[in-house]
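Notes to accompany the following structure.
Just so you know, ligand 1 is whichever comes first in the structure, and atom 1 is the first atom listed for that ligand.
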Amino acid sequence: MLSNAQNIHQLHKEIAKCTRCPLHLTRIKAVLPEGNTSSKLMMIAQSPGKVENSTGRMFTGPSGKIFDELLNEAGVSRSDFYLTNLIKCMLVKSRDPSREQWDACTPWLIREIELIKPKVIIPLGFQATKFVLRYLGIPRPPGKSYRILFGNFIKTEKYLIFPLRHPTALLFDPGKREVMTENYKKLKRLKVER
Ligand code: SF4
């Protein structure tokens, strides 16, 4: 019987060669989860960008630079988290995943949650937050009011959910920097408590 670490490693190998949706035809590399597989803090980003598609590594493009700055300012590092994406291959036509891509790829994420057994789930951005709420059967605030979730904790029986804005948001709106920095600083508290 495989250990949990071996099961996680095996899962990552399966993701690397996944052909469940047409994105496998346009990707260079599926971007595998990384970070600390023993961490109980699971961070879920949306999907790889162009740079990540080439490197096969999470957060290696412009949003990765911002991501590291936000973590540094918060006093935490990538190795404090298990990092993964909602969609593992680069989206080509839209910044949001289609229903088909969502249905094909999220079973990988559900399997990751089952294996990692996080205590805290930190979705980055709207799509990842939508997934976590749907997965846990939590109603989503209507329309754009979902934004009130960012930077606030949601306690469930099994998990603490802490939605944050995706670092990419700062590429489009640098004015959000101050509030995002303050929200990311709350990650330090999670690191200490867990
Ligand atoms: S996006 Fe997900 S489901 Fe589609 S090919 Fe990549 S890993 Fe497989």
Atoms of ligand 1, numbered as shown, that sit under 4.0 Å from any heavy atom of R20: 3 (S), 8 (Fe)

Of the backbone and side-chain N, O or S atoms of C89, does one lie nearer to atom 8 (Fe) of ligand 1 than 2.8 Å? no

Given I122, which of L190, L83, I161 fulfils the side-chain contact (heavy atoms from CB on, under 4.5 Å) condition? L190

Classify the ring geometry of Y135 against Y159: parallel below 30°, tilted from 30° to 60°, perpendicular beyond 60°. tilted

Part of A30 within contact of ligand 1 (heavy atoms, under 4.0 Å): neither

Near-ring test H166/F59, centroid separation under 6.0 angstrom: yes

Quick note on ligand 1: atoms under 4.0 Å from a heavy atom of H24 include exactly 5 (S)

By number and element, which atoms of ligand 1 are closer than 4.0 Å to a non-hydrogen atom of I87? 1 (S)

Residues R20, E14: salt bridge by 4.0 Å N-O rule: no

Which protein heavy atom lies closest to atom 4 (Fe) of ligand 1, and at what distance to 0.1 Å? C21 SG, 2.4 Å

Side-chain heavy atoms under 4.5 angstrom apart, residues restricted to Ile, Leu, Val, Met, Phe, Trp, Tyr: same cluster for L160 and F131? no

Do any N or O atoms from the side chain of Q101 and from the backbone of C21 form a donor-acceptor pair under 3.5 angstrom? no

With a 3.5 Å distance limit and no angle check, can you tell me whether N36 reaches the backbone of S79 through a side-chain donor-acceptor pair? yes

What are the atoms of ligand 1, with element, lying closer than 4.0 Å to any heavy atom of C105? 1 (S), 2 (Fe), 3 (S), 7 (S)

Mark up the atoms of ligand 1 that fall under 4.0 Å of a heavy atom belonging to R27, in ascending order. 5 (S), 6 (Fe)

State the atoms of ligand 1, each with its element, that fall below the 4.0 Å cut-off from a heavy-atom position in A104. 3 (S)

Close-contact set for ligand 1 against C18 heavy atoms, below 4.0 Å: 3 (S), 5 (S), 7 (S), 8 (Fe)

